[in-house]
Amino acid sequence: MSNDDVPVSALLGAAYEAVVHGQGLAAREAVELVKDLGFERNGTAKPFRFAYQHTEAAEDGPQVRTVHATVPLLSLINPPSISIDSAKINMSLHLISQDVEAGPSRAPTASGETPTAAKMPKLKGRIVHQSDKNAVMTIESTLKQRDLLASSRLSQLLDAAVSDRDSVWYLVLERAEPFRKAATKLIDTVAQDGSKGKSVGVREWLQQLWELKETVTDAVSAFRDGQPEKIPPLHQSWNARCQKLTWIDRHTEPETITQLRWTFIAAAKDVWQALLPSPRVAEFGPPTVEQLRDRFKTARAELAATVPSLTDLLGKLKQLESDVAQGCIAHQYKQPKAVATTLQRYNTTAAEIQKMWKLQSRECRAKQDTLAAAATDVWDALARKVPDDFRTKSRRSTEEIKELLDACDSLLDKLDQQAKKFVAPSVPVNPLGWPLDYAKKVRTGKNTEDWRARRWNPDDHARELGEFLEGFNKKVTFVNTTWRSPGREGWLRPDTWNPAVPLYNEMARQFWALLIDTDHTVTNVTNVP
């Protein structure tokens, strides 16, 4: 047999193998097309943007509006995918030889007999050559485009995404138009009104409003153009601008502008809620009376937490809160006389509180400042008046200083007399004289000279008085723990010691309460067992 002799099966299989290989090449080409044409480098589908005219019926006739749409590009095309529907192979074949080979034996039958081996024909041949011509082999095939299951599923997903996005887009469009109208009306009204705020002119104020309007408009455009990543930064910009917006004075803002402002804010909230899931949308403008009242209530509670043991003072602070609440109610029902009467009560209570303060901690004074600022704003809104100050005075009058020193002298004398009742006159040493010495240092310390000269530095005085109180407490602790060693039982007799303890402790508390807040604990003398 010559080299041209080949098995017939190889001749036929090569033709069909070429057909299958062609189909595989088409599949690989489809994959490359999807990658290059359908997706960006970051894996997101490439968008296809277009606009069309849509006619809508309106009261004044048909209205034509431009509708913008964005769809994934892959939803508009079909990747190439071919299948071989039919193939005809035509060739002239010259049969060279025929062999018969025994095929593999099969398993025994049910009767136990082994069938004879099958005879398999094996053909060899060659393609017929014609003179001066190549071998003749003709293949006819019919190809057709077929839908890939994966491509169909991808189209369904993309179509669903487009459908969902379109529903959101129509919702955004529905809310964007009322926002545009509200913004235009507010800005035009403010420009015509000509009112001025406390620290910003109308021109700058209008610029701030215009920037707020553009922030929402840009967010709508970003959604329309298929750029949702731009929306969260724009939302953050809205909130930041609202916090910085300098607003017109509440007393010069016309009621019409107030209503337009709230309409503008409400319309903006509707747009942001359509663009983002549950966004926090900041507001702007002067706070309402209710907000000011809540602010005062919170500040009062925070101040009370710094002086929990000053029960009388806490009651007065609570009265201030009640006066503010009653003033807000009177303002709500448009009763200016009732508001003025309530303010008078507030001022009376504030004056009483101012006399009750001792040397306070830095934290307490900071809370006082916060409450005072809240009080100023709420009464400015209610009555356009500045309320009386209830805070610790940074300077005291000569009469107040004299009154303070006289009270200290009176309590020191009472403490001295009470200390003598603890032991019999025959006892050579009175142990309570030692803590009492630290209390008497208050009258001889540098703070007394500063008080007389009306130099009042709360931090310096609190530090010096705190050191005196610390020495007083240490000596009382020494008496309670050490002054009971063997040999002194006759001095510390329960019948003379214990009856004097309650009054002495109360006088000591009153003495230190004159000078320093009760966050500084005063150690008590204990009974003798």
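- In this structure, Thr342 contributes its side chain and Ala338 its backbone to a donor-acceptor pair below 3.5 Å.
- The shortest non-hydrogen separation linking Leu371 to Arg300 is CD1-N, 3.5 Å.
- A donor-acceptor pair is defined here as one N or O able to donate and one able to accept, closer than 3.5 Å; no such pair exists between the side chain of Arg293 and the backbone of Ala325.
- Closest heavy-atom contact between Cys242 and Phe284: SG-CD2, 3.7 Å.
- Ion pairing between Arg180 and Glu177 holds under the 4.0 Å rule for side-chain N and carboxylate O.
- Checked by atom type, the side-chain pair Gln326/Arg345 shows a donor-acceptor distance below 3.5 Å.
- The shortest side-chain heavy-atom distance between Cys328 and Val378 falls under the 4.5 Å cut-off.
- Here the closest non-hydrogen pair linking Trp379 and Gly327 is CH2-CA, 4.4 Å.
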Exercise for review: Check the pair Leu303 / Thr370 against side-chain contact (heavy atoms from CB on, under 4.5 Å), numbers first and verdict last.
Suggested key: CA-CA 9 Å; Leu303 174 58; Thr370 301; over 6 Å; no
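- Across every non-hydrogen atom of Phe472 and Ala508, the tightest pair is CZ-CB, 4.0 Å.
- Going from atom CD1 of Ile265 over to atom CZ of Arg261 covers 5.5 Å, rounded to the nearest 0.5 Å.
- Considering only residues two or more places apart in sequence or on other chains, Thr298 meets the side-chain hydrogen bond (donor to acceptor under 3.5 Å, both in side chains) condition with none of them.
- Residues Arg391 and Asp369 approach most closely at NH1-OD1, 3.0 Å, considering heavy atoms.
- Side-chain N or O atoms of Asn498 include none that pairs as donor or acceptor with a backbone N or O of Asn527 at under 3.5 Å.
- Between Lys420 and Gln417 there is a side-chain heavy-atom pair separated by less than 4.5 Å.
- A salt bridge does not link Asp380 with Lys385: every distance from a Lys NZ or Arg NE/NH1/NH2 to an Asp or Glu carboxylate oxygen is 4.0 Å or more.
- Checking Gln227 against Lys230 by side-chain atom types alone, a donor-acceptor pair falls below 3.5 Å.
- Rounding to the nearest 0.5 angstrom, the gap separating the CD atom in Gln236 from the CZ atom in Arg280 is 10.0 Å.
- For the atom pair CD (Glu211) and NZ (Lys244), the distance works out to 10.5 Å, reported to the nearest 0.5 Å.
- There is no side-chain donor-acceptor pair under 3.5 Å between Asp188 and Gln192.
- The line from NZ of Lys441 to CG of Leu465 is 13.0 Å long, rounded to the nearest 0.5 Å.
- Shown here for Ser237 and Thr215, the closest heavy-atom pair between the two residues is OG-OG1, 4.2 Å.
- No donor-acceptor distance shorter than 3.5 angstrom exists from the side chain of Asn505 to the backbone of Asn524, with no hydrogens or angles considered.
- With hydrogens and angles disregarded, a donor-acceptor distance shorter than 3.5 Å links the side chain of Thr376 to the backbone of Ala372.
- Checking side-chain atoms of Asn473 against main-chain N and O of Thr523 turns up a donor-acceptor pair under 3.5 Å.
- Between Trp512 and Phe468, the gap from one ring centroid to the other reaches at least 6.0 Å.
- Here Glu470 pairs with Lys474 in a salt bridge; the nearest charged N to carboxylate O distance falls below 4.0 Å.
- A cation-pi geometry, defined here as NZ or CZ lying under 6.0 Å from the six-membered ring centre and within 45° of its normal, does not hold between Lys269 and Trp272.
- Residues His235 and Leu276 meet the side-chain proximity criterion, which asks for heavy atoms closer than 4.5 Å.
- A donor atom on one side chain and an acceptor atom on the other are found under 3.5 Å apart for Thr526 and Asn480.
- The main-chain N or O of Lys318 is never found under 3.5 Å from a side-chain atom of Ser322 such that the two would form a donor-acceptor pair.
- Considering only residues two or more places apart in sequence or on other chains, Lys414 meets the side-chain hydrogen bond (donor to acceptor under 3.5 Å, both in side chains) condition with none of them.
- The closest donor-acceptor contact from the side chain of Gln418 to the backbone of Ala500 lies under 3.5 Å.
- A distance of 9.5 Å separates CD in Gln368 from CD in Gln354, rounded to the nearest 0.5 Å.
- Rounding to the nearest 0.5 Å places CG of Leu260 at 6.0 Å from OG1 of Thr256.
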